[in-house]
Protein chains: 2
Amino acid sequence: MAATPPAHLSPRKRPRQARAAATLDAIFEATIQVLLAEGLHRLTTTRVAERAGVSVGTMYQYFPNKQSLLYALNERYLDIVAEKVEKACRDKHGASTAEMVEALIDAYWRAKTERSDVTRALYRSAVELDNEALIEAFAQRVDAATIAMLSSASDASYVDLALINTTLLTVIFGTVRNVFERNLPTMLEADIRNQLATMCLSYLKAARIPEV
Amino acid sequence: MAATPPAHLSPRKRPRQARAAATLDAIFEATIQVLLAEGLHRLTTTRVAERAGVSVGTMYQYFPNKQSLLYALNERYLDIVAEKVEKACRDKHGASTAEMVEALIDAYWRAKTERSDVTRALYRSAVELDNEALIEAFAQRVDAATIAMLSSASDASYVDLALINTTLLTVIFGTVRNVFERNLPTMLEADIRNQLATMCLSYLKAARIPEV
DNA sequence: CCAATATATGAACAATCCTTCGCTTTGAGG
DNA sequence: CCTCAAAGCGAAGGATTGTTCATATATTGG
């Protein structure tokens, strides 16, 4: 992710030995686990360290404070999601609009579903975190990828693709989040997913400039 | 809201004198203000009481703990929003689908926009709050209202209205939230609002059973 | 005007929590 | 093998927070 973290959220140093890299992984994993098992308000530096099997002091050698740990965690996660979406977009370059929409929703949905508990935990961990810039960078990255894809569509072109594209992403992101915050039956979730695809597609059809 | 709060979140007692009612109002208002000015992690019982101009002890006479205060606040808020949506639905009974969609989005969007800072503060206050039942009750209440409205549409009827309706609401709720979490320029917000209406409408058009 | 009840007070307590720092252990390069 | 930098340790300090309770004041119905 391009966004440079605000100074007070930047990591203190990067790991130089393999041992340190492993420690960092353990810390991140422990953070997720504590988040899941205890919730954000019981997420303690000590608890995370304990769960990771390291000492608090070790944690503070990499992160200047608790927030920066959560920031880094979100950064990691968003990076992975963005990559998946970008790949999906590249793969559908030049395809039909229907295929594109389906692939986009599929990639994003799948990325969030793979470990839906983690997804939910991270949504919550981000509260009160000064990560607007992070979200913005993520949004713009995905925005660029989908615009590139859509403008290569074999069966349509649009007057105001920028707006259409932003709308599309806002709707998809928001819907996915909303579905996961409530705890809907899996079947209904799947149904909504499909309906969402239908909705996006009919939106694009209504907005396109007919081919000559 | 129908949902009975979990025992540990129920208020301790209701105000019986006018004085007490005023105190409660002050406490709620203070909670919002502290939430806005300091954020959730600095929302302290003492701080809230101070801002409300009452003593901590007073607060604890009505709420058994901090969470129950936030729960009650959300309850209040959701009740207001639900009422507005219900009213909009009643007013458009028997109208055209286009009018309905426009009115629905308008009502919900307006309810959230009126004090968008408060909206955002409340979204955050609900994190880590055991309010699933509350959200569910809200969702079902709105669901019932919109289903009643849509099934009275003068120009369309649908095969699986239940699913279509749930999808519609999930998309609208999610999109609105997503727009408010990011801090988009007001102009763009308005544009997206309109695009969302277009999208919902074309979705409904695609899904309807043609009149005979 | 007088109980009886409802409200309000706020100092004090016990429980965490974040962060630091002096110290030890481990790893890598020469 | 030896040395220096990297990594790891964890008790302790300082600060904050949620909640209680003994006490004081206000309101109401009779």
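Everything numeric in this text was worked out from a predicted model, so none of it was measured. Letters A, B, ... are given to chains in the order of the sequence lines, protein chains preceding strands, and every chain is numbered from 1.
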Relative to the ring of Phe138(B), is the ring of Phe173(B) parallel (under 30°), tilted (30 to 60°) or perpendicular (over 60°)?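 If you compare the ring of Phe173(B) with that of Phe138(B), the planes turn out tilted.
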Just checking Arg42(A): base, sugar-phosphate only, or nothing, at a heavy-atom cut-off of under 4.0 Å?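 Nothing, no nucleic acid heavy atom in range.
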Which part of the nucleic acid, if any, lies within reach of Thr44(A) when heavy atoms closer than 4.0 Å are counted: base, sugar-phosphate only, or nothing?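 Sugar-phosphate contact only - Thr44(A) comes under 4.0 Å of backbone atoms but never of a base.
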Tell me the closest heavy-atom pair linking [X] and [Y], and the distance in Å.
X: Glu83(A); Y: Arg141(A); answer: CG-NH2, 3.5 Å
X: Thr167(A); Y: Leu196(B); answer: CG2-N, 4.4 Å
X: Phe180(B); Y: Thr113(B); answer: CZ-OG1, 3.6 Å

Considering only heavy atoms of chain A and a distance under 4.0 Å, specify the first and last nucleotide of DNA chain C in 5' to 3' order that meet this criterion.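 First and last nucleotides in contact are dC17(C) to dG27(C).
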Which parts of nucleotides 7-13 of chain D does protein reach within less than 4.0 Å, heavy atoms only, written one letter per nucleotide 5' to 3' as B for base, S for sugar-phosphate only and - for none? BBBB---
On DNA chain D, does the nearest nucleotide to Leu43(B) precede the nearest nucleotide to Ala18(B) from the 5' side, or the other way round? Give the residue.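 This one resolves to Leu43(B).
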What residues form a salt bridge (charged side-chain N to carboxylate O under 4.0 Å, His left out) with Glu181(A), not counting sequence neighbours?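 Only Arg177(A), Arg177(B) meet the salt bridge (charged side-chain N to carboxylate O under 4.0 Å, His left out) criterion with Glu181(A).
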Under the salt bridge (charged side-chain N to carboxylate O under 4.0 Å, His left out) test, which residues partner Asp143(B), sequence neighbours left out?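 So Asp143(B) forms no salt bridge (charged side-chain N to carboxylate O under 4.0 Å, His left out) with any residue.
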My understanding is that only residues two or more places apart in sequence, or in another chain, count here; which of them pass side-chain hydrogen bond (donor to acceptor under 3.5 Å, both in side chains) with Gln67(A)?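 Partners of Gln67(A) by the side-chain hydrogen bond (donor to acceptor under 3.5 Å, both in side chains) criterion come out as none, since no residue qualifies.
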[X] [atom1] to [N] [atom2], straight-line distance once rounded to whole Å:
X: Phe63(B); N: dT17(D); atom1: CZ; atom2: P; result: 20 Å
X: Met59(A); N: dA6(D); atom1: CE; atom2: P; result: 21 Å
X: His41(B); N: dA15(D); atom1: NE2; atom2: C1'; result: 15 Å
X: Tyr60(B); N: dA22(D); atom1: OH; atom2: P; result: 18 Å
X: Glu38(B); N: dT16(D); atom1: CD; atom2: P; result: 12 Å

Does a side-chain N or O of Thr46(B) approach OP1 or OP2 of dT17(D) to a distance below 4.0 Å, or not?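 False: Thr46(B) side-chain N/O out of range (4.0 Å or more) of dT17(D) OP1/OP2.
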Listed once per pair and sorted, the salt bridge (charged side-chain N to carboxylate O under 4.0 Å, His left out) pairs that draw on residues 40-65 of chain B, sequence neighbours left out: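 Those involving residues 40-65 of chain B are Glu38(B)-Arg42(B).
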Would Thr119(B) and Tyr77(B) count as a side-chain hydrogen bond (donor to acceptor under 3.5 Å, both in side chains) if you check the C-alpha gap in whole Å, the side-chain angles of each, and the deciding distance to 0.1 Å? CA-CA 9 Å; Thr119(B) 299; Tyr77(B) 176 72; 3.2 Å; yes
